K.L.:
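Take this structure, written in structure tokens, and hold onto it; I'll ask about it next.
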Amino acid sequence: MSRAHGDFRLAQLALHPHGIGQEERVPTMAVSNNQVLTILGNERQLFTGSTDTSPNAMRTPPPNNAPGPHEEHHRQMTGNLPAQDRYLRLIADTAPVMIAYVDADQRFRCANTAYSAWFGDSASGILGKTLQQVLGPLYSQADSCVNRALGGEQVTFELTIRNMLGERHVMTTCTPDIASDGSVAGFSVMLTDITERRSAEQALREREKQLQDAEGELHWREREFKALVEHSPDIISRIDANMRHLYVNQAIEKLAGIAPETYIGKTKAELGLPTSVVQSWDNAARAAFDTGLEQRLDFDHVIAGQMRYFSGRIIPETDRYGHIESVIGIAYDVTERASMEKERDELLARERMARIQAETAARARDEFLAIVSHELRAPLNAIQSWAHVLENYVKDVATAPLAQRALQGIKTGVGQQVRLIEDLLDVTRMMSGKLRLVKQPLALLPALQAAVESVRAMATAKRISVTCTYRITSEQIEGDADRVQQIFWNLLSNAIKFTPEGGNVWLNAAQHDGDICVTVHDDGVGISADFLPHLFNRFSQEDTSSTRDHSGLGLGLFLVRHLIELHGGRVVAASEGEGKGTTFQVYFPLRVRSDKYLTIGPADDGVANSLPLPSLKGVHILLIDDQEEARESLTVVLAGAGASVFAASSSREAIDWLCTLSRGDMPDVFVCDIAMPGEDGYSVLRKIRAWKSTGGDAPLHRMPALALTAFAQREDRIKALTAGFQMHVTKPVAPEELIVVIDAMAARP
């Protein structure tokens, strides 16, 4: 083998040992680039006596005129070529880079294992191929750099290659092979996979960018926080465990006129702040250090001659080990809020006082009306009783027509007075929310008929025609029978009152869209358009002059609307104007009946009045009432029914009378007033029932008792029944009703 050929073979081994053959394999090991170059240099020195490892140096043959000893040395080295081949193949295959040699025609002359494996081909498969054939589409990226290397310039550039490992980034270095005559025979190529390095560098750059962004964000927030804290109207400070200030904002200057920088390193006590302020801050701060919990802070301080109130928080600050290094104190001026709270408390106190006064006034009003009701009812009871007595004496209308007319007028006046009293009490109950209804399934037709009959005499007296048209039979509503009759009595009596003599009143009842609609219409004086919206107001009257044509308090229609609403209904009033009559339409929700029985409405008073009264013959009655007129009139009425009556003004008088009686003459029924001077009816009942005869027994402990009183409230009835009375009858009571009630209570043998 010639020396030139030996140099070329050595270069082939250095660049791509597979170009010689692959029959010999040795274990591979990792060698750095510097180690590769060092080994190549040592081998070249052994072969040529030179350390130049460049391809040109390796390919240039020694001069022909070399001394003889060199030729001898060359022969010795030629004999060692097989061993050198193994060394160079080992070095090239274990190099951590891809190595190849490309000639001037851009054809591969040698390539190491790493290079061939990278492009998915064997070393022999790559040899002889052009760069364009091996690189394919990548050739366009390397074309300009290849031309520069073939032009004699060492070129380093990056390529992005996709192979079986995915997308990879490689650093490519092309070193030209310059011959002795200056021509470029080719170039060596060394590729280094820098994908992981680039990924690490990219990650590092992204991390650096994130850190820069975070640092910028932190810096911006710090500036923002500082601006907020410095310009905050609240006092903000940081205090250490010795109560010394580490930081204060500008707002602290308003506390005592001390500059903020003066606070740093000092306590509030050292700065001469008031004791109340120092103790509040320091106590809260020490508690925060001791407990590690947020603390509340409240203090007051005079600033510019005005007392100011402050409230705040003390918040512990901990380090990464959980130790409390300092606390943050925040105090804010709450003077305006404290003033508002004080004003609110004063308003609440005034409101409570006003409510108490209103409740007191309401109780006083209720008590006053109860007393007025009692005082008005008591004489009415005597009037009605004496009228009944006179009526029994004057039997013949033909012989005493004037007396009969007078008696009728008295009874009518009593009834009107009772209605007026009831209206006043009902209005009071409505205003205090105490008006209650006892609702039950109610047939509306009987209630309407009873209301019509109750005003029939009033209509007859004015020669007013009352025409009724009923298109209902057994239809029911949920209602209170007494209150429903009161509604239509008010509407009908109102229509009769405002209709001139000889006029007409119509009442119609029919179903209408799930309701029962009752219409009351008259051809009377009518209502002006201006007054119509105020028609249902309390005490409202269109004519309030002293020369008005009609009397009344203006409560009837107010009661009508309220009672209808309590029944879940509604009322509508209409009038075409003065002199054109008025129409009232009342709507009640129709009850869907689930029972097969018809609930009967109010009893027919006409039928009741036509029935004969029961006889009280043989009934002994004990009557106690402090009013002489009431005692006398009731005694005459009951005696006229056949009863034996003893009337007393007090319990003492009654007990003295009882002591004179024998066992068989004891009273059968006890009738007592409730409101009496010195003792009320409840006390009298207890004494009478507890009275013991000479034999030591209590013969009257189960005697039936009737409370005959002018107290007509629902609560009064409940109280009387609870106290032991069996019945409660309100004054003025119709004599017929009183006789029937006593007859029912008396124990018959």
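Just so we're clear, the structure is a prediction, and the values are computed from it rather than from any experiment. Scope of the values below: all heavy atoms of this structure, side chains included, with no hydrogens, waters or symmetry mates.
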K.L.:
What residues form a salt bridge (charged side-chain N to carboxylate O under 4.0 Å, His left out) with Lys254, not counting sequence neighbours?
P.N.:
none
K.L.:
Among residues at least two apart in sequence or on other chains, which ones pass ring pair (Phe, Tyr, Trp, His ring centres under 6.0 Å) with Phe187?
P.N.:
none
K.L.:
Just to verify, what does Ala259 make a side-chain contact (heavy atoms from CB on, under 4.5 Å) with, not counting sequence neighbours?
P.N.:
Glu261, Thr262
K.L.:
Could you work out, with salt bridge (charged side-chain N to carboxylate O under 4.0 Å, His left out) as the rule, every residue matching Glu565, not counting sequence neighbours?
P.N.:
none
K.L.:
What residues form a side-chain contact (heavy atoms from CB on, under 4.5 Å) with Thr156, not counting sequence neighbours?
P.N.:
Met171, Thr173
K.L.:
Taking only residues two or more places apart in sequence, or in another chain, which ones meet Met353 in a side-chain contact (heavy atoms from CB on, under 4.5 Å)?
P.N.:
Gln357
K.L.:
For Asp103, what residues pass the side-chain hydrogen bond (donor to acceptor under 3.5 Å, both in side chains) criterion, not counting sequence neighbours?
P.N.:
Arg109
K.L.:
Which pairs with one or both residues in residues 137-149 pass salt bridge (charged side-chain N to carboxylate O under 4.0 Å, His left out), sequence neighbours excluded?
P.N.:
Arg148-Glu153
K.L.:
Name every donor-acceptor pair, under 3.5 Å, that has one atom in a side chain of residues 344-351 and the other anywhere in the protein, sequence neighbours excluded.
P.N.:
from, atom 1, to, atom 2, distance (Å)
Glu351, OE1, Arg355, NH1, 2.7
Glu351, OE2, Arg355, NH1, 2.8

K.L.:
side-chain hydrogen bond (donor to acceptor under 3.5 Å, both in side chains): which pairs involve residues 334-343, sequence neighbours left out?
P.N.:
Arg308-Thr335, Arg308-Glu336, Asp333-Thr335
K.L.:
Any pair with a residue in residues 300-331 that passes ring-ring contact (aromatic ring centres under 6.0 Å, His included), sequence neighbours left out, goes on the list, sorted by first then second residue, please.
P.N.:
Phe299-Phe310
K.L.:
Can you name the side-chain contact (heavy atoms from CB on, under 4.5 Å) partners of Ala284, sequence neighbours left out?
P.N.:
Gln295, Leu297, Ile314
